[in-house]
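Counting begins at 1 with the first residue of the sequence.
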Amino acid sequence: MRYPKIRELKEAIRAILKGPYTSEFPYQPHKPYERFRGAPHFHQEDCIGCTACFQVCPAGAIEFKDELRSGKAKRTLIVHWDKCICCGQCQANCPTSKGIVLSQDFEMSTTEEHAALFESIDKEIVLCGCCRDIIAPRDQILWVARRLGALCFSNASLMLFYLNALNLASRDDSLKLHESELLRSDRIKVLCPRCRREAVLKS
Ligand code: SF4
Ligand code: SF4
């Protein structure tokens, strides 16, 4: 016959004195432990729209789409809670650490369609000053420029962003294509890598 070990006896005595470990949820509200990993939520102010969370999500619970809407280019980031396994990889790999944060929300049951279990945010996208191709979200470029500080003056696009954030340079928000050949003056524009190469080589 095997006798109970001391550790098991201690657990049994503790359970008798403290009551059961289980909670009475759903009849009583349940408060998760402090480090519980629940549904992730985006934070508009801290997300820079870089899509690192999309790239590392092992469950494919995050998606993004870039589109033109009401004359503006937007990136929409979506987290699907019905696919999320609450692993925390998105938060751990977010460059700002606060763009997407796991919450203590665990009640995901719904009478709605599964497709209704999602959250999304929009980020403004910057287009190339010449070919109007997508460069990156405005917040991401600004985040890079701020981190580089004075070093961003070595790159015309980053410099313009930095000055624009200080209200020292104007923004070019037109969606019109640049039809003529690239000139030397076009080098001082926010350009995609292909147009920048072309502007540098041709001028
Ligand atoms: S900033 Fe964070 S939350 Fe936003 S897209 Fe990048 S990784 Fe995702
Ligand atoms: S917690 Fe894990 S599964 Fe859920 S969205 Fe983040 S990376 Fe994807």
Side-chain angles (χ1 to χ4, degrees), residues 40-57 60-81 83 90-91 93-101 115-149 151-203:
H41 289 275
F42 284 117
H43 292 259
Q44 183 74 38
E45 291 302 311
D46 297 302
C47 172
I48 55 174
C50 65
T51 71
C53 51
F54 155 79
Q55 287 170 44
V56 297
C57 176
I62 296 179
E63 67 166 319
F64 78 96
K65 25 187 194 210
D66 295 339
E67 55 194 353
L68 275 176
R69 230 181 292 150
S70 357
K72 292 250 179 205
K74 294 262 181 212
R75 171 165 292 171
T76 305
L77 290 139
I78 307 157
V79 55
H80 296 277
W81 294 319
K83 288 187 188 166
C90 50
Q91 184 178 344
N93 290 282
C94 176
T96 68
S97 312
K98 293 182 276 179
I100 189 163
V101 178
L117 287 171
F118 73 93
E119 180 184 76
S120 68
I121 55 166
D122 286 341
K123 291 273 129 186
E124 186 188 345
I125 288 179
V126 175
L127 302 179
C128 171
C130 285
C131 70
R132 294 292 159 198
D133 203 3
I134 288 173
I135 301 183
R138 183 169 290 281
D139 288 347
Q140 186 180 356
I141 303 180
L142 203 49
W143 182 79
V144 173
R146 286 197 176 122
R147 279 175 75 91
L148 287 174
L151 287 177
C152 78
F153 282 78
S154 61
N155 176 294
S157 301
L158 288 177
M159 176 190 75
L160 284 171
F161 259 91
Y162 195 71
L163 294 177
N164 176 248
L166 298 173
N167 284 330
L168 296 173
S170 59
R171 275 172 60 163
D172 175 14
D173 287 337
S174 85
L175 294 170
K176 243 178 78 202
L177 270 175
H178 187 286
E179 277 160 7
S180 58
E181 232 187 34
L182 286 165
L183 303 170
R184 190 177 176 82
S185 57
D186 288 323
R187 288 163 68 167
I188 305 300
K189 271 187 176 175
V190 176
L191 299 178
C192 67
R194 190 171 54 82
C195 288
R196 182 152 306 285
R197 266 197 307 277
E198 210 174 304
V200 171
L201 290 173
K202 286 191 176 168
S203 60

Novice: Quick one: list whatever passes side-chain contact (heavy atoms from CB on, under 4.5 Å) with Pro193, sequence neighbours left out.
Specialist: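 Result, side-chain contact (heavy atoms from CB on, under 4.5 Å) vs Pro193: Arg197.
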
Novice: Kindly write out the residues that satisfy salt bridge (charged side-chain N to carboxylate O under 4.0 Å, His left out) with Glu119, not counting sequence neighbours, or none if the list is empty.
Specialist: none

Novice: Applying ring pair (Phe, Tyr, Trp, His ring centres under 6.0 Å), can you list everything that pairs with Phe118, at least two apart in sequence or on another chain?
Specialist: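 Counting only residues at least two positions away or on another chain, Phe118 forms no ring pair (Phe, Tyr, Trp, His ring centres under 6.0 Å).
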
Novice: Rounded to the nearest 0.5 Å, what separates atom CZ in Arg138 from atom NZ in Lys74?
Specialist: 10.0 Å

Novice: Looking at residues at least two apart in the chain, or sitting in another chain, which of them share a side chain to side chain donor-acceptor pair (under 3.5 Å) with Asn93?
Specialist: Gln89

Novice: What residues, two or more places apart in sequence or in another chain, satisfy side chain to side chain donor-acceptor pair (under 3.5 Å) together with Thr96?
Specialist: none

Novice: So, taking the atom named NZ in Lys65 and the one named OG1 in Thr76, what distance separates them when rounded to the nearest 0.5 Å?
Specialist: 6.5 Å

Novice: If you round to the nearest 0.5 Å, how far is CZ of Phe161 from CG of Leu148?
Specialist: 13.5 Å

Novice: Are the side chains of Asp46 and Trp143 in contact, using a 4.5 Å heavy-atom criterion?
Specialist: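 Sidechains of Asp46 and Trp143: no contact.
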
Novice: Just to verify, what does Asn155 make a side-chain contact (heavy atoms from CB on, under 4.5 Å) with, not counting sequence neighbours?
Specialist: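 So Asn155 forms a side-chain contact (heavy atoms from CB on, under 4.5 Å) with Ser157, Leu158.
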
Novice: Applying salt bridge (charged side-chain N to carboxylate O under 4.0 Å, His left out), can you list everything that pairs with Asp66, at least two apart in sequence or on another chain?
Specialist: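 Partners of Asp66 by the salt bridge (charged side-chain N to carboxylate O under 4.0 Å, His left out) criterion, ordered by chain and then number, come out as Arg75.
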
Novice: So how far is it from Ile62 CD1 to Ile78 CD1, rounded to the nearest 0.5 Å?
Specialist: 10.5 Å

Novice: Got a sec: does the CD of Gln44 have more than 12 other heavy atoms crowding it under 6.0 Å?
Specialist: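 More than 12 within 6.0 Å, yes.
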
Novice: Supply the atom-to-atom distance Asp139 CG to Glu45 CD, rounded to the nearest 0.5 angstrom.
Specialist: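 Output value for this atom pair is 8.5 Å.
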
Novice: Out of curiosity, Arg146 CZ to Ile48 CD1, how far, rounded to the nearest 0.5 Å?
Specialist: 11.5 Å

Novice: Please enumerate all residues that pass side-chain contact (heavy atoms from CB on, under 4.5 Å) together with Ser97, with sequence neighbours excluded.
Specialist: none

Novice: Closest approach of Pro137 and Gly49, non-hydrogen atoms and distance?
Specialist: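 Looking at all heavy atoms of both residues, the closest pair is CG-O, 3.2 Å.
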
Novice: Take Ile135 and Leu127 through the side chain to side chain contact (heavy atoms under 4.5 Å, CB included) test and state the conclusion after the steps.
Specialist: CA-CA 6 Å; Ile135 301 183; Leu127 302 179; over 6 Å; no

Novice: Quick one: list whatever passes side chain to side chain donor-acceptor pair (under 3.5 Å) with Asp133, sequence neighbours left out.
Specialist: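 Applying side chain to side chain donor-acceptor pair (under 3.5 Å) to Asp133 gives none.
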
Novice: Do you know the tightest heavy-atom contact between Cys192 and Cys131?
Specialist: SG-SG, 3.6 Å

Novice: Give a yes or no answer on whether the side chain of Lys123 reaches the backbone of Cys47 with a donor-acceptor pair at less than 3.5 Å.
Specialist: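 Side chain of Lys123 to backbone of Cys47: a pair is present.
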
Novice: My understanding is that only residues two or more places apart in sequence, or in another chain, count here; which of them pass side-chain contact (heavy atoms from CB on, under 4.5 Å) with Pro40?
Specialist: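 side-chain contact (heavy atoms from CB on, under 4.5 Å) list for Pro40, sorted by chain: Val79, Trp81, Cys84, Cys90, Ile100, Leu102.
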
Novice: Who passes ring pair (Phe, Tyr, Trp, His ring centres under 6.0 Å) against Phe42, sequence neighbours left out?
Specialist: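 Applying ring pair (Phe, Tyr, Trp, His ring centres under 6.0 Å) to Phe42 gives none.
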
